[in-house]
Amino acid sequence: MDDRERRTERAPSRSGGTGQSRRRKKKRRRRKNRAGRILVIILIALAVIAAVLGISYAVGRYFAGNYLLDSNQAEVVVDKNSDTTVAVEIPKGASTRDIAKILKDNGIIKNELSFRLSSRLNDADGTYNYGTFYFTKDMSTDQIIKTLLTVTQAEESGRLTIPEGYTVKQIAALVDQLGIVSSDEFINEVNNGEFDYDFLEGIPDREYRLEGYLFPDTYFLSGNETARDIIVMMLDRFGQVYNESVSSYVSSSGYTLDQLVTVASMVESEAKLDEERPTIAGVIYNRLEIDMPLQIDSTVQYALSTKNEVVTYTDLEVDSPYNTYKNKGLPVGPICSPGKASIEAAVNPEKHSYIYYVLKEQGGSEHTFTVSYDDFLKAKAAYQATFNS
């Protein structure tokens, strides 16, 4: 075959080019067709998903009517001082998921997912406030959501917190400082007001008649309270604790209620750790049983209106019915407002043989308890050695 014949054989045909060119065109057509089919499939899938979501939302709205707020349902009024009320702290920045877990942990809701769904359907998701909220465990989801949408910061102006161990004088100074009532008004009502409570019957005369009975707690005020109103709140709260933890013990204890509250007040002033309260109460009763002077430093501090950790020998000479170094037996009355743990320790003290106790170190919380005076002196020397360490 000559060169002309070879050129003729390689020349493209008039009917459409070489076989390789035709194959390329077919591949391009197949790719276009495949891309078209994929696009159609994607569009169909998106349409199906949209339809499913729309149906799901509609079905959820239809069948989950309990998730939607009932605008006609009255908001629950929560008694913040009730024993059945649960205070729940919602931190700033908490998500609805976080809030649902907190509510579940506190027994307010049973199902986190249900609460989150209700929040979303009611456009409350991500809009809840933070702070301290008050719930009861029988509240509906509507009421829980409405509560969480309220503002809590405004409550701070009406919050009165009485710390455990505060005296009448300290409480009077606090309500005066907060601008609620004057200190003089408060003390006058403490000493001269008439209050109809069984547990106040038979209280002896003393400088502050209701010392020990103004229960330490957090109270919420409207802003229009008188000294009497505030005192009644505290006495009501004491009455609740009395009925729960004290009343059944009084007749069998051998002590009057006022004496038990007096013991509780000393426990409150002496103990720094809850686990030591029943032990210290036991020491007090052991000293009373052997007719030993109680020698409780905090009673001397009460007489002197001081709170120094170290009581000096000069302090011990104060002439007061509250000085348990100079007077045997219980002081004339309580020396502060004891909390529930101290009251329970007074009515249910630990049974032991300890007579003495002393702090283990300066500024510490834990005490060393001893039976013998020699061991007490050793423990006291160890305590004093921490002053220079």
Side-chain angles (χ1 to χ4, degrees), residues 80-81 158-243 245-247 250 255-269 296 298-307 318-324 327 330-340 342-343 346:
K80 296 169 184 175
N81 295 320
R159 185 193 296 262
L160 172 63
T161 298
I162 308 300
E164 294 171 347
Y166 257 37
T167 65
V168 164
K169 284 180 65 176
Q170 288 175 306
I171 297 171
L174 178 61
V175 296
D176 193 323
Q177 176 187 342
L178 295 175
I180 301 170
V181 295
S182 74
S183 175
D184 289 342
E185 287 179 275
F186 188 84
I187 291 176
N188 180 65
E189 190 65 25
V190 163
N191 288 332
N192 301 306
E194 294 184 5
F195 302 95
D196 186 19
Y197 296 89
D198 291 342
F199 54 79
L200 294 180
E201 293 180 1
I203 289 181
D205 291 334
R206 51 199 180 214
E207 187 175 6
Y208 300 109
R209 185 166 61 99
L210 298 182
E211 188 76 87
Y213 294 88
L214 304 181
F215 195 82
D217 206 338
T218 295
Y219 300 92
F220 295 88
L221 313 180
S222 66
N224 299 313
E225 284 79 8
T226 63
R228 180 178 181 81
D229 293 333
I230 298 168
I231 292 169
V232 166
M233 287 182 186
M234 297 178 187
L235 292 176
D236 284 345
R237 184 71 182 98
F238 180 92
Q240 292 175 350
V241 175
Y242 168 74
N243 291 327
S245 306
V246 183
S247 59
V250 175
Y255 294 92
T256 66
L257 172 62
D258 197 58
Q259 289 172 327
L260 291 172
V261 176
T262 299
V263 171
S265 71
M266 290 188 287
V267 170
E268 185 66 57
S269 296
I296 301 294
S298 55
T299 63
V300 175
Q301 293 170 334
Y302 180 79
L304 294 170
S305 297
T306 62
K307 277 291 183 181
V318 61
D319 184 16
S320 168
Y322 290 95
N323 185 346
T324 56
N327 305 291
L330 292 169
V332 69
I335 59 173
C336 71
S337 293
K340 187 175 182 179
S342 293
I343 293 174

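All residue numbers refer to positions in the sequence shown, counting from 1.
By the side chain to side chain donor-acceptor pair (under 3.5 Å) test, Ser247 pairs with no residue at all, sequence neighbours left out. With sequence neighbours left out, Leu178 forms a side-chain contact (heavy atoms from CB on, under 4.5 Å) with Leu160, Leu174, Ile180. For Glu211, the salt bridge (charged side-chain N to carboxylate O under 4.0 Å, His left out) test picks out no residue, with sequence neighbours left out. Applying the side chain to side chain donor-acceptor pair (under 3.5 Å) test to Thr262 and every residue at least two apart in sequence or in another chain returns nothing. Scored by the side-chain contact (heavy atoms from CB on, under 4.5 Å) test, Asn188 finds Asn192 as partners (sequence neighbours excluded). Qualifying side-chain contact (heavy atoms from CB on, under 4.5 Å) partners for Asn191, counting only residues two or more places apart in sequence or in other chains: Ile187, Tyr208, Arg209. Take Asp176 and apply the side chain to side chain donor-acceptor pair (under 3.5 Å) test, not counting sequence neighbours, and it matches no residue. Lys169 pairs by the salt bridge (charged side-chain N to carboxylate O under 4.0 Å, His left out) definition with nothing, not counting sequence neighbours. With sequence neighbours left out, Glu207 forms a side-chain contact (heavy atoms from CB on, under 4.5 Å) with no residue at all. For Ser183, the side chain to side chain donor-acceptor pair (under 3.5 Å) test picks out no residue, with sequence neighbours left out.
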- Item | Steps toward side chain to side chain contact (heavy atoms under 4.5 Å, CB included) verdict (Tyr255, Val263) | CA-CA 10 Å; Tyr255 294 92; Val263 171; 5.8 Å; no
- Message: What verdict does the side chain to side chain contact (heavy atoms under 4.5 Å, CB included) test give for Tyr197 and Leu210, after you've listed the backbone C-alpha separation in whole Å, the side-chain angles of each residue and the deciding distance to 0.1 Å?
- Response: CA-CA 12 Å; Tyr197 296 89; Leu210 298 182; over 6 Å; no
- Let me see the working for Asp229 and Tyr219 under side chain to side chain contact (heavy atoms under 4.5 Å, CB included), right down to the final yes or no. CA-CA 11 Å; Asp229 293 333; Tyr219 300 92; over 6 Å; no
- Item | Verdict with supporting geometry, Leu235 and Phe199, side chain to side chain contact (heavy atoms under 4.5 Å, CB included) | CA-CA 10 Å; Leu235 292 176; Phe199 54 79; 4.3 Å; yes
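Taking OH of Tyr242 as the reference point, atom CZ of Phe215 lies at 15.0 Å (rounded to 0.5 Å). With values rounded to the nearest 0.5 angstrom, Tyr322 atom OH is found 12.0 Å from Leu330 atom CG. In this structure, Phe195 CZ and Ile231 CD1 are separated by 4.5 Å, a value rounded to the nearest 0.5 Å. Annotation: the span from Leu304 atom CG to Thr299 atom OG1 amounts to 9.5 Å, rounded to 0.5 Å. Note: Ile343 CD1 to Ser245 OG = 7.5 Å, rounded to the nearest 0.5 Å. Separating the CZ atom in Phe220 from the CE atom in Met233 is a distance of 10.5 Å, to the nearest 0.5 Å.
Across every non-hydrogen atom of Pro338 and Pro216, the tightest pair is O-CD, 3.4 Å. Listed here is the closest heavy atom pair of Val181 and Ala227: CG1-N, 3.6 Å. For the residue pair Asp258 and Gly333, the shortest heavy atom distance occurs at OD2-CA, 4.5 Å.
Remark: side-chain polar atoms of Asn323 are not paired, donor with acceptor, to backbone N or O of Asp319 under 3.5 angstrom. Checked by atom type and distance alone, the side chain of Ser298 never pairs as donor or acceptor with a backbone atom of Gln301 at under 3.5 Å. Looking only at distances, a side-chain donor or acceptor of Ser337 sits under 3.5 Å from a matching main-chain atom of Leu214. Ser265 places no side-chain N or O within 3.5 Å of a backbone atom of Gly212 that could act as its donor or acceptor partner.
Side-chain contact between Thr167 and Pro334: absent, with no pair of heavy atoms (C-beta onward) separated by less than 4.5 Å. Looking at heavy atoms from C-beta onward, Tyr213 lies out of side-chain contact with Val190 at the 4.5 angstrom threshold. Looking at Arg237 and Ile162, their side chains never come closer than 4.5 Å, going by heavy atoms from C-beta outward.
Residue pairs that meet the salt bridge (Lys or Arg N to Asp or Glu O under 4.0 Å) test with at least one member in residues 196-205, sequence neighbours left out, do not exist here. Listed by first and then second residue, the salt bridge (Lys or Arg N to Asp or Glu O under 4.0 Å) pairs that reach into residues 219-228 are Glu189-Arg228, sequence neighbours excluded.
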